[in-house]
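A quick write-up on the structure given underneath.
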Amino acid sequence: MKDLANPHADLARSNPRAASTRIQTCTLSKAKSQRMHDYRLGHIPAYVDQTKLGDNRVLIQLRPLTQVRAENARLREQAGRQRKMKSNAAVVLRGVITFGVLAARDFMKLSPKRQNKAFKKLVRSLAKRLATKVESLVVHLDETTIHAHFLLRAYDRFGHALSDKIKRDVTVSIQDLTHRVLARFCPGIERGNRKLDRLAAGADYVDTLHRSVRRLHQDLPREIAEREATLAALEGAKTELQAEIDEGRRDLDRVSEEKRAERISLASQETEMEARARALDARDADIRGREDKQQKREDGLDRREASIDKEKADLARERRAQLLAADQLVKREDEVEAVRAEAEKTQSTYRAALAAMEGALAEISAETLRRDPKTGKLVMKDACLLRALPEELRMGLLRPMLGLVDIRSRVDQRSRELDRRDREFAEKHAAVGEVITALTEGRAQISEGSIVIEDMPRCLKELGKKKEDWMIQAVLDLIVRAGEAGVMQPSQDDEIEGPGMG
């Protein structure tokens with residue numbers, strides 16, 4: 001609940017699932033001390049469980065430090081450095097690979113062979129990143145948590161000191177590289193929280209230092225007591241040694257010959273030890289050569305393993321793509337089949353609709369399709385095709401059919417109306433002819449602007465406001481004007497015929 005209330009709490013603390021790598025340059029004397037510590041030579045610290053010394057693993061054997069120093073000097077000369085290398089110049093870059101509590105628990109579940117491979121891969125990747133060479137790699141299992149100490153040559157292959165290259169961005173990239181490499185072997189390992197991020201999240205500066213510094217609060221009293229005891233023993237030894245020196249000085253003249261013989265014997269022993277050292281160096285060089293060959297073979301295996309992993313990933317990706325394409329093809333075929341079935345259904349439906357429409361048009365032409373004047377519904381001779389259609393399509397066809405029937409009905413009605421008006425006009429036209437004949441024969445006369453006739457046709461008496469009636473009325477008005485003007489007179493001799501008479 002505390003972490004939920006403070007989202008920066010995890011960021012302020014160190015990550016227990018993280019692995020980290022710390023590095024520091026060493027002079028020749030410090031490198032010797034580091035070698036004593038790594039290989040458990042000389043005094044064994046009290047925090048070391050001496051029953052587990054046999055569990056420690058030497059993965060890369062250290063060659064003589066004098067050879068490393070000579071190689072550094074040679075690289076400097078090849079780089080064109082004029083000044084001689086200082087006596088306190090760095091010889092190696094020492095480093096330690098450590099784990100958080102949870103990360104160490106997960107890493108210990110790996111087999112020793114897998115652990116060794118992970119440590120070698122990380123150290124060689126660091127050497128490649130810094131363009132240098134791995135000198136030593138030792139895994140310690142005799143302390144509280146598994147960790148590994150390594151030494152790198154302090155100069156890169158271009159003759160540049162690593163101390164000039166190790167800046168903040170390099171140390172950050174080293175932590176990134178540590179996480180990236182170890183996570184390949186132990187996926188549970190995470191990237192550690194950055195120092196600046198922890199300080200920004202509220203962590204104390206002391207808590208952000210290396211754990212060896214924080215552990216001083218617990219280890220310092222014990223180490224002080226051990227150092228005081230050692231100092232007291234050294235003081236006693238110094239007193240005894242001084243007494244022996246004084247006694248030796250007093251006896252120097254007396255035993256000079258013996259001392260000279262002893263020096264000769266010591267010189268002989270030193271010569272023998274140097275010969276043994278050269279033999280050991282030769283053996284170390286041979287071991288180093290075999291280790292280099294083994295490293296090349298392991299690098300080749302790593303590259304082959306990476307190539308196989310890539311090919312497997314490509315095959316899996318291609319397989320997924322093929323499965324996806326097959327699924328899409330099946331879906332597409334189902335969709336096409338559904339669309340085809342729907343199209344066939346629609347085609348069948350509209351064929352039926354076309355047949356029903358053709359039948360309706362035929363009945364409209366035969367006048368067997370009509371609207372019932374009482375109910376307003378359509379009445380047709382054969383409605384089976386129309387009833388077989390879906391309701392929505394049937395209702396869609398009924399509307400234009402009703403429209404066609406209504407149009408046909410209105411056309412018929414209009415035709416009958418025109419026929420009736422034509423008959424009436426012909427009747428009135430005939431009546432006008434009769435009136436003209438009556439006026440010509442004297443059976444009718446014009447009086448006060450009207451035609452006076454004994455039996456005026458009824459159709460002329462009931463002229464209305466229709467266009468045809470206006471036309472007839474206009475003709476009658478013309479006849480009246482012609483009569484009043486004396487144009488229309490009864491014939492005096494209807495029987496005289498011949499030229500000039502008519």
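Source: prediction; values computed, not measured. The chain is numbered in sequence order, starting from 1.
- Under the 4.0 Å criterion applied to side-chain N and carboxylate O atoms, E143 and K52 are not assigned as salt-bridge partners.
- Judged purely by atom type and a 3.5 angstrom limit, K165 uses its side chain to pair as donor or acceptor with the backbone of L130.
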CA sep, side-chain torsions, deciding dist, call: E298, K117, salt bridge (Lys or Arg N to Asp or Glu O under 4.0 Å): CA-CA 9 Å; E298 291 181 358; K117 190 173 182 180; over 6 Å; no
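- With hydrogens and angles disregarded, no donor-acceptor distance shorter than 3.5 Å links the side chain of Q24 to the backbone of L93.
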Working for side-chain hydrogen bond (donor to acceptor under 3.5 Å, both in side chains), residues R40 and Q50: CA-CA 10 Å; R40 297 300 189 225; Q50 297 190 27; over 6 Å; no
For ring-ring contact (aromatic ring centres under 6.0 Å, His included), just list the numbers for F119 and F185, CA-CA rounded to whole Å, side-chain angles, deciding distance to a tenth of an Å, and then say yes or no. CA-CA 10 Å; F119 283 129; F185 297 88; 9.7 Å; no
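- Between the side chain of R76 and the main chain of R83, a donor-acceptor pair closer than 3.5 Å is present.
- Interatomic distance, K296 NZ to L301 CG, rounded to the nearest 0.5 Å: 14.5 Å.
- The two residues G159 and A79 make their nearest non-hydrogen contact at CA-CB, 4.0 Å.
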Between V96 and F150, does the side chain to side chain contact (heavy atoms under 4.5 Å, CB included) criterion hold? Intermediate values first, please. CA-CA 6 Å; V96 58; F150 62 90; 5.8 Å; no
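- Interatomic distance, D176 CG to T21 OG1, rounded to the nearest 0.5 Å: 11.0 Å.
- Aromatic ring orientation, Y47 versus H37: tilted (interplanar angle from 30° to 60°).
- Under the 4.0 Å criterion applied to side-chain N and carboxylate O atoms, D314 and K310 are assigned as salt-bridge partners.
- Contact between V181 and S125 at its shortest, heavy atoms only, is CG2-OG, 4.1 Å.
- Here the side chain of T178 pairs a donor or acceptor atom with the backbone of I174 at under 3.5 angstrom.
- For the pair T271 (side chain) and A267 (backbone), a donor-acceptor distance under 3.5 Å is present.
- When R22, Q34, R35 are each tested for a side chain to side chain contact (heavy atoms under 4.5 Å, CB included) with R94, only one passes: Q34.
- At a threshold of 4.5 Å between non-hydrogen side-chain atoms, the residues L122 and I97 count as touching.
- A salt bridge does not link R63 to E291: none of the charged nitrogens lies less than 4.0 Å from a carboxylate oxygen.
- Salt bridge E77/R74: absent, no basic N to carboxylate O contact under 4.0 Å.
- In this structure, R81 places its CZ atom where more than 12 heavy-atom neighbours from other residues, nucleotides or ligands lie under 6.0 Å away.
- Rounding to the nearest 0.5 angstrom, the gap separating the CZ atom in R180 from the CD1 atom in I189 is 14.0 Å.
- Using a 4.5 Å cut-off on side-chain heavy atoms (C-beta onward), M108 and T145 make no contact.
- Atom CZ of R276 sits in a sparse spot, with 12 or fewer heavy atoms from other residues, nucleotides or ligands closer than 6.0 Å.
- The minimum heavy-atom distance between A154 and V92, with the atom names listed, is CB-N, 3.6 Å.
- Between the R153 side chain and the Y155 main chain, a donor and an acceptor come within less than 3.5 Å of each other.
- Closest non-hydrogen pair, N56 versus D142, comes out as ND2-OD2, 2.9 Å.
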Residues L102, R105; criterion side chain to side chain contact (heavy atoms under 4.5 Å, CB included); working and verdict: CA-CA 5 Å; L102 300 181; R105 182 193 62 188; 3.8 Å; yes
Would H179 and Q175 count as a side chain to side chain contact (heavy atoms under 4.5 Å, CB included) here? Give the steps. CA-CA 6 Å; H179 166 252; Q175 303 309 319; over 6 Å; no
Can you list the steps and then say if L65 with R69 is a side chain to side chain contact (heavy atoms under 4.5 Å, CB included)? CA-CA 6 Å; L65 293 172; R69 178 179 172 84; over 6 Å; no
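- Taken from CG in D55 to CG in D49, the straight-line distance is 9.0 Å, to the nearest 0.5 Å.
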Run the numbers on T132 and R157 for side-chain hydrogen bond (donor to acceptor under 3.5 Å, both in side chains), then give the verdict. CA-CA 6 Å; T132 186; R157 63 174 178 270; over 6 Å; no
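- Using a 30° and 60° split on the angle between ring planes, F158 and H160 fall in the tilted class, from 30° to 60°.
- Counting non-hydrogen atoms of neighbouring residues, nucleotides and ligands closer than 6.0 angstrom, the NZ atom of K133 exceeds 12 such neighbours.
- With values rounded to the nearest 0.5 angstrom, L177 atom CG is found 8.5 Å from R129 atom CZ.
- In terms of modelled atom types and a separation under 3.5 Å, the side chain of N72 and the main chain of V91 share a donor-acceptor contact.
- V58 and Q61 get closest at one heavy-atom pair: CG1-OE1, 3.6 Å.
- Rounding to the nearest 0.5 Å places CG of L126 at 11.5 Å from NZ of K121.
- Residues L152 and V123 have side chains in contact (heavy-atom distance under 4.5 Å, counting atoms from C-beta outward).
- Judged by distance alone, the side chain of S33 and the main-chain N or O of S29 form a donor-acceptor pair under 3.5 Å.
- Sparse packing is recorded around CD of E272, with 12 or fewer heavy atoms of other residues, nucleotides or ligands lying under 6.0 Å away.
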Apply side-chain hydrogen bond (donor to acceptor under 3.5 Å, both in side chains) to Y39 and S136, showing your working. CA-CA 10 Å; Y39 291 88; S136 174; 2.9 Å; yes
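- Side-chain atoms of R288 come within 3.5 Å of backbone atoms of E135 as a donor-acceptor pair (strictly under, hydrogens ignored).
- No side-chain heavy atom of E337 sits under 4.5 Å from any side-chain heavy atom of D334.
- Here the closest heavy-atom approach between residue A31 and residue C26 is recorded as N-CB, 4.0 Å.
- In this structure, the side chain of H140 does not engage the main chain of V138 through any donor-acceptor pair within 3.5 Å.
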